[in-house]
Amino acid sequence: MEQQKRFSEMTEYELRTEIARLNEKAKKAEQLGMSSEFAVYERRVLLAKAYLLDPNDYEPGKTYEIEGGSSFQISYMNGYFAWGYRDNQTTLEAVPISIFLKKEGEA
């Protein structure tokens, strides 16, 4: 069995190919009613997408909108993950930067 590369080792082309492959697997899992498997693929897609972004575009101290109308205030960055607080909660959590919605006017 071929060893899977880490997302951090993949080229942009490889990441985009992997995202397409994972989306296809997620779609099949959803059609088959395999909700936990679907959720795993969805999370892997989010992780892979994070590696297509520039972590320097996200600043500690700023609040970003995430899907579902929630907000996330970044305390610090660690690679492609933002550590901070969702909706003013007191529990520190890490999220991939791909979870942030782009604001109007951003690329």
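Throughout, numbering of the chain's residues begins at 1 and tracks the sequence.
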Asker: Which distance, rounded to the nearest 0.5 Å, do you find between the CD of E59 and the OH of Y64?
Answerer: 5.0 Å
Asker: Is it the case that the side chain of Q73 and the backbone of G61 share a donor-acceptor pair, with hydrogens and angles ignored and the cut-off at 3.5 Å?
Answerer: yes
Asker: For N23, which residues count as a side-chain hydrogen bond (donor to acceptor under 3.5 Å, both in side chains) partner, sequence neighbours excluded?
Answerer: none
Asker: Within a 6.0 Å radius of atom CG on D54, are there more than 12 heavy atoms belonging to other residues, nucleotides or ligands?
Answerer: yes
Asker: Would you say that more than 12 heavy atoms from the other residues, nucleotides or ligands in this model lie under 6.0 Å from the CD of E67, or not?
Answerer: no
Asker: Treating S98 as the side-chain partner and L46 as the backbone partner, does any N or O pair qualify as donor plus acceptor under 3.5 Å?
Answerer: yes
Asker: Grab the two heavy atoms, one from F38 and one from A29, that are nearest each other, plus how far apart they are.
Answerer: N-CB, 3.8 Å
Asker: Spell out, yes or no, whether L47 and L22 are grouped together once hydrophobic residues are joined by side-chain heavy atoms under 4.5 Å, including indirect joins.
Answerer: yes
Asker: Considering residues at least two apart in sequence or located in another chain, which fulfil the salt bridge (Lys or Arg N to Asp or Glu O under 4.0 Å) criterion with E12?
Answerer: R16
Asker: Under a 4.5 Å side-chain heavy-atom rule over Ile, Leu, Val, Met, Phe, Trp and Tyr, are L52 and V95 clustered together?
Answerer: yes
Asker: So which heavy atom on L15 is nearest to which on A48, and how close?
Answerer: CD2-O, 3.9 Å
Asker: Could you work out, with salt bridge (Lys or Arg N to Asp or Glu O under 4.0 Å) as the rule, every residue matching E93, not counting sequence neighbours?
Answerer: R86
Asker: Strictly by salt bridge (charged side-chain N to carboxylate O under 4.0 Å, His left out), give each pair with a member in residues 20-33 just once, sequence neighbours left out.
Answerer: E18-R21
Asker: So which heavy atom on F7 is nearest to which on R44, and how close?
Answerer: CZ-NH2, 3.4 Å
Asker: Do F72 and I99 come within less than 4.5 Å of each other through their side chains, counting heavy atoms only?
Answerer: no
Asker: Applying side-chain hydrogen bond (donor to acceptor under 3.5 Å, both in side chains), can you list everything that pairs with T17, at least two apart in sequence or on another chain?
Answerer: none
Asker: side-chain contact (heavy atoms from CB on, under 4.5 Å) with L92: which residues, sequence neighbours excluded?
Answerer: S75, Y76, W83, Y85
Asker: Which pair of heavy atoms, one from I19 and one from K49, lies closest together, and at what distance?
Answerer: CD1-CG, 3.6 Å
Asker: Please report the shortest heavy-atom distance between M10 and K5, naming the atom on each side.
Answerer: CE-O, 3.5 Å
Asker: From Y51 OH over to R6 CZ, what is the distance, rounded to the nearest 0.5 angstrom?
Answerer: 8.0 Å
Asker: Membership question, hydrophobic clusters at under 4.5 Å side-chain separation (ILVMFWY): are M77 and F100 in the same one?
Answerer: yes
Asker: Do you know which two heavy atoms are closest between T63 and S71, and how far apart they sit?
Answerer: CG2-CB, 3.7 Å
